[in-house]
Amino acid sequence: MFETIGRAMTNDAQTLKMKCGSCGHEDEWSRQAALATLGADARPQLVRHRLVCGNCYSRRHTEVWI
């Protein structure tokens, strides 16, 4: 089975954390925000591809973890 956001984030207390590799900006989304924005079937590759830094607008070198 493929790892997806919906399978990885099973608890409402979990958050999706992101860090921009270009400028170091960090952000955190609640489970509800992550599922609403990315969809429960989003795989890690898609998540990293879709995210854009809110500080420098870079799409490169994004770290994502739960």
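Everything quoted here is computed from the prediction, not taken from an experiment.
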**OP:** Any pair with a residue in residues 31-45 that passes salt bridge (charged side-chain N to carboxylate O under 4.0 Å, His left out), sequence neighbours left out, goes on the list, sorted by first then second residue, please.
**Re:** D12-R31
**OP:** Just jot down the side-chain contact (heavy atoms from CB on, under 4.5 Å) partners of S30, sequence neighbours excluded, or say none.
**Re:** Q32, A33
Subject >> Partner set under side-chain hydrogen bond (donor to acceptor under 3.5 Å, both in side chains) for T4, not counting sequence neighbours >> reply: none
Subject >> All side-chain hydrogen bond (donor to acceptor under 3.5 Å, both in side chains) counterparts of K19, not counting sequence neighbours >> reply: none
Original post:
Which atoms form the tightest heavy-atom contact between A34 and M9, and what is the distance?
Top reply: CB-SD, 4.1 Å
Subject >> side-chain hydrogen bond (donor to acceptor under 3.5 Å, both in side chains) partners of T37, counting only residues at least two apart >> reply: none
Original post:
Among all residues two or more places apart in sequence or in another chain, which pass the side-chain contact (heavy atoms from CB on, under 4.5 Å) test with R59?
Top reply: V52
**OP:** Could I get the full list of side-chain contact (heavy atoms from CB on, under 4.5 Å) partners for V64, not counting sequence neighbours?
**Re:** L16, M18, V47, R48, L51, T62
**OP:** Quick one: list whatever passes side-chain contact (heavy atoms from CB on, under 4.5 Å) with A8, sequence neighbours left out.
**Re:** E3, I66
Original post:
At their closest point, which heavy atom of N55 faces which heavy atom of C23, and how far apart are they?
Top reply: ND2-SG, 3.4 Å
Original post:
Within the side chain of R7, is there an N or O that forms a donor-acceptor pair under 3.5 Å with the backbone of F2?
Top reply: yes
Original post:
For E28, what residues pass the side-chain hydrogen bond (donor to acceptor under 3.5 Å, both in side chains) criterion, not counting sequence neighbours?
Top reply: T15
